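All values derive from a computational prediction rather than experimental measurement.
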Amino acid sequence: MKNMMRLKIEHILFMSLTLVFTPSAQSQYAQAAQTNLVHSITQDVGAPVLIKYNNGTVAQMLRKEKVDEFRTPISLSENSCKTMKNLSCQLVVPYVRQQFAAVWKNHPTRQGLPLEYSFDQKMTYGRQLFITRAQNELYETALKRIEAADPKARQALNYKPLARIECDGDISTALPASSEILFWDETYEAGLSELVMTDEGYVRVTLNNNRSENLGIQQSGKVLHINRYRVAYGDYNLQYPLGMSYSSQLIFRAPNIDEPKNELCEVKWLVNFSIYFQQVSALLRNADNQPFNPAGYTSYIYSLENSNYFSREIFKNEVWQSVGLQ
């Protein structure tokens, strides 16, 4: 109820602010927006990606790739495989960060300069994507593109697991003696756009469920290395990194200390979802929170190598147009 009241208040404030615009200000705003409208974005395989604007200016898209990783605190919540132990751990998911920016190819005053926010030149204008080993072939392709310039890429090529769990103590005290996670289950609520208010005044939440099967593991002291799954179910396995949920249930084929007749046992980890979500959403929102630095950027030559939802976002006109664009 508090959230609904807050939304109503925000809506009223927004409408109030809208009403104070003078006709002159509205006209100037409309003219600026029209000037920055994208006419088209070229997508010809093997050719540079060009962003063409209605006013005749043209920008060329650039891409930079480097190795990075998500790090999220997790804690043991339930364990029917072993007697509960207190472990402070982190889920670590390596990925290739792709940063997309653009420079003006045809512009009366800014040719060769980057597209940037006129009101915030401390932030690169563009978008970012991530590629994990869930997209194994694409992940390795990206690493090979950058291994000559990035020593971390060479290390990542040699590191085959999809993710790892790092703890402050021996992780074998929490896990059965197994070489495989039979199922890795995740459940989380969908975004606000999918929340629905019912006639009774309740909010209906859309839950997303992901399941990965047969993830090979290697236990090594304080670290659990998690191999890529053999089979995955769910709509978001390739769109979001492993563990992007409120909790993760790891199911093993091993003795169950709570129900001896059950041939399966479960280790449940609570995920610090807010920290994880902040990392992922901040990455997907902007190209970089630093001023544009051309080092490492090359002309983005279009290909069909990545077809997931977020990768297609960079070809939407609205991504490359803004009232504050220069």
For [X] and [Y], test the side chains for any donor-to-acceptor distance below 3.5 angstrom and give the result as yes or no.
X    : Y    : result
T187 : N209 : yes
N210 : S212 : no
E116 : Q326 : yes
T57  : N55  : yes
E166 : Q90  : no

Hey, are [X] and [Y] close enough for a salt bridge, meaning a charged N less than 4.0 Å from a carboxylate O?
X    : Y    : result
R253 : E180 : no
K152 : E69  : no
R127 : E313 : no
E186 : R211 : no

Close aromatic pair by centroid cut-off 6.0 Å: [X] and [Y]:
X    : Y    : value
F292 : Y297 : yes
F70  : F130 : yes
Y53  : W104 : yes
F315 : Y302 : yes

message = Just so I know, are the side chains of K52 and T42 near enough to count as touching, which here means a heavy-atom distance under 4.5 Å?
response = yes
key: Heavy-atom side-chain contact between T173 and L87 under 4.5 Å   = yes
ask   = Taking the six-membered ring of Y159, is NZ or CZ of R154 closer than 6.0 Å to its centre and within 45° of its axis?
value = no
Side chain of [X], backbone of [Y]: donor and acceptor closer than 3.5 Å?
X    : Y    : answer
K160 : L157 : yes
K85  : S172 : no
T124 : Q290 : yes
Q99  : K64  : no
Q135 : N306 : no
N308 : S311 : yes
S80  : E266 : yes
W320 : I314 : yes
Q60  : K105 : no
R228 : R133 : yes

query = Which heavy-atom pair separates Q128 from L284 by the least distance, and what is that distance?
reply = O-CD2, 3.7 Å
request  = Mind running side chain to side chain contact (heavy atoms under 4.5 Å, CB included) on F273 and S247 for me, showing each step along the way?
outcome  = CA-CA 8 Å; F273 183 77; S247 64; over 6 Å; no
message = For I41 and V49: C-alpha separation, side-chain torsions, deciding distance, then whether side chain to side chain contact (heavy atoms under 4.5 Å, CB included) applies.
response = CA-CA 7 Å; I41 299 176; V49 177; 3.7 Å; yes
task = Flag yes if more than 12 heavy atoms outside E318 fall under 6.0 Å of its CD atom; otherwise flag no.
result = yes
query = What's the verdict on salt bridge (charged side-chain N to carboxylate O under 4.0 Å, His left out) for R63 and E305, showing C-alpha distance, side-chain angles and the deciding distance?
reply = CA-CA 14 Å; R63 179 179 66 187; E305 67 178 18; 3.5 Å; yes
request  = Please report the C-alpha distance between L182 and L264 in whole Å, then the side-chain angles of each, then the deciding distance to 0.1 Å, and finally whether the side chain to side chain contact (heavy atoms under 4.5 Å, CB included) criterion is met.
outcome  = CA-CA 9 Å; L182 190 61; L264 304 180; 3.7 Å; yes
inquiry  = Does the plane of the ring in Y240 sit parallel, tilted or perpendicular to the ring in F310? Use 30° and 60° as the thresholds.
reply    = perpendicular
